[in-house]
Amino acid sequence: DFPEKLSAATGELHTVCIGRPFGIAYLAAARRGIHVHLYGNQFDDIYRTIARDLSLSGARREAGLLSRFLHVHRSLQTNDGSWEDVRNTKSQWVREFARYDAGWSYIGSPLPWEILDDKGAIPNRVSTYLLAGLPIISDVRPGYYRYDELVRLGVNIDLDTDDYDKLAHRLATEGRTRELRENAIRERARY
């Protein structure tokens with residue numbers, strides 16, 4: 001039960017980051033017309049992460065651009081709820097997240113423990129993206145589980161050395177993203 005993509009209605013690229021948005025160059029994405037929608041457990045946590053990645057002068061200068069292309073949404077997690085609350089909340093995930101063109105993995109190595117960073121903390125959002133039929137944006141890191149797994153599944157959209165021009169082109173190329181979306185849907189039950 002996949003909804004229509006936001007990009008079909010707006011003509012613009014819409015991506016989603018579920019959890020901490022480490023390493024995303026928000027201004028670079030915005031300058032290329034890429035919307036970044038953020039869903040985290042707490043607004044403060046999300047805003048702290050965004051603030052850490054932006055210079056104060058850059059954020060002030062580009063406030064209009066950021067307000068148009070950077071969107072913070074309420075969390076789709078439950079805290080201290082019953083099992084029924086958890087099920088009801090998670091039942092919304094596919095309809096909510098499938099509206100986007102792609103999901104974001106972490107970019108770079110944001111955490112101090114590289115092995116856990118690679119094999120534990122970062123890949124945990126992959127299953128949610130696959131559930132929603134989304135390809136996944138990742139920096140190119142051959143030999144890293146978080147990258148090799150996306151390649152194996154055929155759902156990777158490579159961000160080459162912060163080249164957001166290439167990323168925008170890859171996201172906009174309908175044939176490629178359709179193929180990646182089909183791969184994500186095919187792999188969701190097995191992953």
Side-chain angles (χ1 to χ4, degrees), residues 4-40 46 49-50 52-55 58-59 61-62 64-73 96-111 117-118 121-126 128-130 132-185 187:
E4 181 179 59
K5 299 280 183 197
L6 288 174
S7 56
T10 67
E12 298 177 319
L13 300 168
H14 290 266
T15 61
V16 63
C17 180
I18 303 166
R20 293 183 181 106
F22 289 134
I24 300 170
Y26 312 105
L27 284 172
R31 288 182 184 127
R32 278 113 184 136
I34 302 170
H35 291 263
V36 179
H37 296 260
L38 305 171
Y39 292 79
I46 293 290
T49 303
I50 293 168
R52 193 173 36 239
D53 292 342
L54 289 170
S55 72
R61 188 175 53 253
E62 302 288 357
L65 191 63
L66 287 171
S67 68
R68 182 166 185 269
F69 287 96
L70 187 60
H71 315 279
V72 177
H73 298 270
E96 183 71 19
F97 301 138
R99 302 177 309 144
Y100 301 107
D101 297 306
W104 287 90
S105 180
Y106 291 174
I107 304 300
S109 292
L111 303 174
D117 172 345
D118 180 40
I122 290 176
N124 68 3
R125 61 178 81 171
V126 171
T128 306
Y129 291 145
L130 292 179
L134 296 180
I136 302 166
I137 301 164
S138 176
D139 51 347
V140 179
R141 290 182 175 266
Y144 279 69
Y145 173 82
R146 72 178 209 214
Y147 177 73
D148 292 343
E149 187 66 0
L150 301 179
V151 172
R152 182 186 75 75
L153 296 169
V155 297
N156 61 303
I157 296 178
D158 292 345
L159 174 59
D160 297 318
T161 58
D162 294 329
D163 190 337
Y164 280 77
D165 289 323
K166 278 186 185 175
L167 176 62
H169 176 73
R170 286 181 174 138
L171 287 168
T173 306
E174 182 56 33
R176 177 144 169 77
T177 54
R178 185 180 309 117
E179 175 188 333
L180 295 176
R181 201 168 20 258
E182 290 169 359
N183 291 349
I185 292 168
E187 294 294 336

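Note: hydrogens, waters and symmetry copies are ignored here, and every other heavy atom, side chains too, is used. Keep in mind that this is a model prediction, so the values were computed, not measured. The chain is numbered in sequence order, starting from 1.
- Arg31 has its side chain within reach of Leu65: a pair of non-hydrogen atoms, C-beta onward, lies under 4.5 Å apart.
- In this structure the side chain of Leu171 reaches within 4.5 angstrom of the side chain of Ile157, judged on heavy atoms.
- Closest of all the heavy-atom pairs between Glu4 and Ala9 is OE1-CB, 4.3 Å.
- The two residues Ala98 and Lys5 make their nearest non-hydrogen contact at O-NZ, 2.7 Å.
- Note that the CD1 atom of Ile24 and the CD1 atom of Ile34 stand 10.5 Å from one another [nearest 0.5 Å].
- A salt bridge links Arg99 with Glu96: the closest approach of a Lys/Arg side-chain nitrogen to an acidic carboxylate oxygen falls below 4.0 angstrom.
- Remark: His71 NE2 is packed, more than 12 non-hydrogen atoms of other residues, nucleotides or ligands lying under 6.0 Å away.
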Working note: Asp165 + His169, criterion side-chain contact (heavy atoms from CB on, under 4.5 Å); need CA distance, chi angles, decisive distance, verdict. CA-CA 6 Å; Asp165 289 323; His169 176 73; over 6 Å; no
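- Of the inter-residue distances, the one linking Lys166 atom NZ with Arg32 atom CZ reads 13.0 Å to the nearest 0.5 angstrom.
- Side-chain contact annotation: Asp139 with Tyr106, donor-acceptor N/O pair under 3.5 Å absent.
- Atom OH in Tyr39 sits 12.5 Å away from atom OG1 in Thr128 (nearest 0.5 Å).
- With respect to Arg68 and Glu12, a salt bridge is recorded, a charged nitrogen being found less than 4.0 Å from a carboxylate O.
- If you check the side chains of Ser7 and Asp101, you find a donor sitting under 3.5 Å from an acceptor.
- Distance check: Ile107 CD1 to Arg141 CZ gives 8.5 Å after rounding to the nearest 0.5 Å.
- Between Leu180 and Gly154, the shortest heavy-atom contact is CD2-O, 3.0 Å.
- Taking CD1 of Ile137 as the start and OH of Tyr129 as the end, the distance is 8.5 Å to the nearest 0.5 Å.
- Residues Ser138 and Tyr147 approach most closely at OG-CD1, 4.0 Å, considering heavy atoms.
- Atom-to-atom distance recorded for Asp158:CG and Asp160:CG is 5.5 Å, nearest 0.5 angstrom.
- Asp148 contributes no side-chain N or O that, together with a main-chain N or O of Pro142, makes up a donor-acceptor pair within less than 3.5 Å.
- Ring geometry for Phe69 versus His35: interplanar angle of 30 to 60°, hence tilted.
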From CA spacing to verdict: side-chain contact (heavy atoms from CB on, under 4.5 Å), Leu70, Leu38: CA-CA 8 Å; Leu70 187 60; Leu38 305 171; 3.8 Å; yes
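- Here the side chain of Arg125 pairs a donor or acceptor atom with the backbone of Trp104 at under 3.5 angstrom.
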side-chain contact (heavy atoms from CB on, under 4.5 Å), that's the test. Do Tyr100 and Leu6 meet it? Break it down for me. CA-CA 6 Å; Tyr100 301 107; Leu6 288 174; 3.5 Å; yes
